[in-house]
Amino acid sequence: MIKTGTVLISGGSQGIGESLARRFALAGYRVGITGRNKTKMNALMESLPGQGHFYIEGDMASDPFYDTLEKTLEEKCPDGIDILINNAGINHIGKIEEIKAQSLREVLEINVVAVARFTQTALPFLKKGQQKKIINVSSIVGVMGVPGRSAYSASKYALEGFSSAWANELHRDGILVQVIRPAGVSTRFHHNTQTDGSTPKSSVSVKTPEQIAEEIFRLSRSRRYSVAPGFKNAFYQWLARYVPALLNSGLRARFKKAR
Ligand SMILES: NC(=O)c1ccc[n+]([C@@H]2O[C@H](COP(=O)([O-])OP(=O)(O)OC[C@H]3O[C@@H](n4cnc5c(N)ncnc54)[C@H](OP(=O)(O)O)[C@@H]3O)[C@@H](O)[C@H]2O)c1
């Protein structure tokens, strides 16, 4: 039998989150999304197939958002949620001598603290659900330290730490934690990236948000722990695990050339 249920996605107003909402709704899931952009979320809700979809508006860096989230889940999901996808994320880049304190705070607030708060708030509902899955949208930079992107890299390393610890912690509750590590996806993410100092933005997109949504959907149907979509990406992940010195010398050479 094909499994459906309720999926809750952080950052569903655009990019990968929007494609995830479309993919899961197409498969028959009821979709809940979060974001700050009400206009985009309203438009998405109207275009999704199926019924009962909902959004929760608010800034994930603010305390009141989590009260609203809890109240909405109590009202909309009395029988629980099945899959929780921690997708919302931001990027500020800059070398360590250039990146501003405010940029560091924002990246760590949204990519780390907000992920934990979102998960904490949704957890009682996830425990009541049937499928019991948490999928964390990390990045290939969560397993390799990319020069000029240390704040973002650090935030995704932290997410990897959460993922691994939660997988062990929540196992006794029957909750499976999974991780995806994309690289270079064609969304507004790069346009929205703030640069402190002289580090150039990366403009290489190798996957579309629809392709990443499909990978995440497939991951949700499996019990594997992690996936790094794309051949090159999977190769980087392999290098990071087994031959980190080779990977690091490549990263250093490329950064030296970019200066
Ligand atoms: N694009 C890539 O190349 C790439 C590669 C690897 C990993 N990733 C990861 O994939 C995830 C999604 O990225 P994307 O490319 O889809 O980015 P995106 O197009 O910029 O979308 C980001 C989403 O996060 C939400 N968000 C950001 N800040 C928020 C805040 N303060 N409060 C509430 N919601 C907030 C945005 O909603 P609002 O604007 O409506 O608030 C939006 O829905 C991120 O975790 C990112 O690190 C992306």
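Just follow the structure's listing: the first ligand is 1, and inside any ligand the first atom is 1.
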Open item on the list: Quick test of your reading of the structure: of S13, A21, S10, whose heavy atom lies closest to atom 37 (O) of ligand 1?
Closed with: S13
TODO: List every atom of ligand 1 that sits less than 4.0 Å from any heavy atom of D59, numbering the atoms from 1 in the order shown and giving each element.
DONE: 30 (C), 31 (N), 32 (N)
Open item on the list: Which residue and atom name correspond to the protein heavy atom nearest atom 3 (O) of ligand 1, and how close is it?
Closed with: V185 N, 2.7 Å
- [ ] Under 4.0 Å from a heavy atom of V137: give me the atoms of ligand 1 that qualify, with their elements.
- [x] 9 (C), 10 (O), 11 (C), 45 (O)
- [ ] For the pair F162 and W166, name the ring-plane relationship: parallel under 30°, tilted 30 to 60°, perpendicular over 60°.
- [x] parallel
Task: H190 near ligand 1 by a heavy-atom separation under 4.0 Å - done: yes
Open item on the list: With heavy-atom distances below 4.0 Å as the criterion, list the atoms of ligand 1 near N37.
Closed with: 40 (O)
TODO: Please report which non-hydrogen protein atom sits nearest to atom 7 (C) of ligand 1, along with the residue it belongs to and the distance in Å to one decimal place.
DONE: S138 O, 3.3 Å
Open item on the list: Please determine whether the number of non-hydrogen atoms from other residues, nucleotides or ligands lying under 6.0 Å from atom OH of Y225 exceeds 12.
Closed with: yes
- [ ] Working to the nearest 0.5 Å, report the span between CG of N87 and CD1 of I216.
- [x] 6.5 Å
Open item on the list: Suppose I only count heavy atoms of N192 and a 4.0 Å limit; which atoms of ligand 1 are within that range?
Closed with: 20 (O)
Task: Between Y242 and Q237, a side-chain donor and acceptor under 3.5 Å - done: no
Open item on the list: Heavy-atom count check: over 12 atoms from other residues, nucleotides or ligands less than 6.0 Å from Q51 CD?
Closed with: no
Open item on the list: A quick test of your reading: do over 12 heavy atoms of other residues, nucleotides or ligands sit less than 6.0 Å from NZ of K38?
Closed with: no
Task: side-chain hydrogen bond (donor to acceptor under 3.5 Å, both in side chains): pairs with one or both residues in residues 132-149, sequence neighbours excluded - done: N86-N136, N136-S163, S138-E160
Open item on the list: What protein heavy atom lies closest to atom 15 (O) of ligand 1? Include the residue and the distance to one decimal.
Closed with: T187 OG1, 2.5 Å
Task: Closest approach of any protein heavy atom to atom 45 (O) of ligand 1, naming residue and atom - done: N87 O, 2.7 Å
Task: Side chain to side chain, F231 and Y236, heavy atoms closer than 4.5 Å - done: no
Task: For atom 34 (N) of ligand 1, closest protein heavy-atom neighbour - done: G35 CA, 4.0 Å
Task: Heteroatom proximity flag, I90 to ligand 1, N/O under 3.5 Å - done: no
TODO: State, without any angle test, whether R224 and Q178 hold a side-chain donor-acceptor pair at a distance under 3.5 Å.
DONE: no
Open item on the list: Pairing donors with acceptors under 3.5 angstrom, does anything connect the side chains of R22 and S47?
Closed with: yes
Task: Where ligand 1 meets I110 - atom numbers and elements under 4.0 angstrom, heavy-atom basis - done: 30 (C), 31 (N)
Task: Proximal ligand 1 atoms for A88, defined as those under 4.0 Å from one of its heavy atoms - done: 24 (O), 25 (C), 45 (O)
Open item on the list: Between E18 and S13, is there a side-chain donor-acceptor contact under 3.5 Å, judged purely by atom types and distance?
Closed with: no
Task: Min heavy-atom dist K156 to ligand 1 below 4.0 Å - done: yes
Task: For G58, the ligand 1 atoms whose distance to one of its heavy atoms is below 4.0 Å - done: 32 (N), 33 (C)
Task: Residue, atom name and distance, where the atom is the protein heavy atom closest to atom 46 (C) of ligand 1 - done: Y152 OH, 3.5 Å
- [ ] Answer yes or no: does atom CD of E74 have more than 12 heavy-atom neighbours from other residues, nucleotides or ligands under 6.0 Å?
- [x] yes
Open item on the list: Looking at V31, is its backbone amide N or carbonyl O close enough to the side chain of H53 to form a donor-acceptor pair, meaning the two atoms are under 3.5 Å apart?
Closed with: yes
Open item on the list: Considering non-hydrogen atoms of the protein only, which is the closest contact for atom 28 (N) of ligand 1, and what is the distance?
Closed with: R36 NH2, 3.2 Å
- [ ] Work out whether the distance between some heavy atom of F65 and some atom of ligand 1 is less than 4.0 Å.
- [x] no
- [ ] Please indicate whether any nitrogen or oxygen in M60 is less than 3.5 Å from any nitrogen or oxygen in ligand 1.
- [x] yes
Task: Nearest option to atom 22 (C) of ligand 1, as decided by whichever heavy atom of G17, S139, G15, G89 sits closest - done: G89
- [ ] Using the side chain to side chain contact (heavy atoms under 4.5 Å, CB included) rule, pick out the option among V7, L8, I134 that qualifies with I85.
- [x] V7
TODO: Just need the protein heavy atom nearest to atom 16 (O) of ligand 1, so name the residue and atom and give the distance.
DONE: I16 N, 2.8 Å
Task: Check: G11 N/O within less than 3.5 Å of ligand 1 N/O - done: yes
Open item on the list: Yes or no: does G12 have any heavy atom under 4.0 Å from an atom of ligand 1?
Closed with: yes
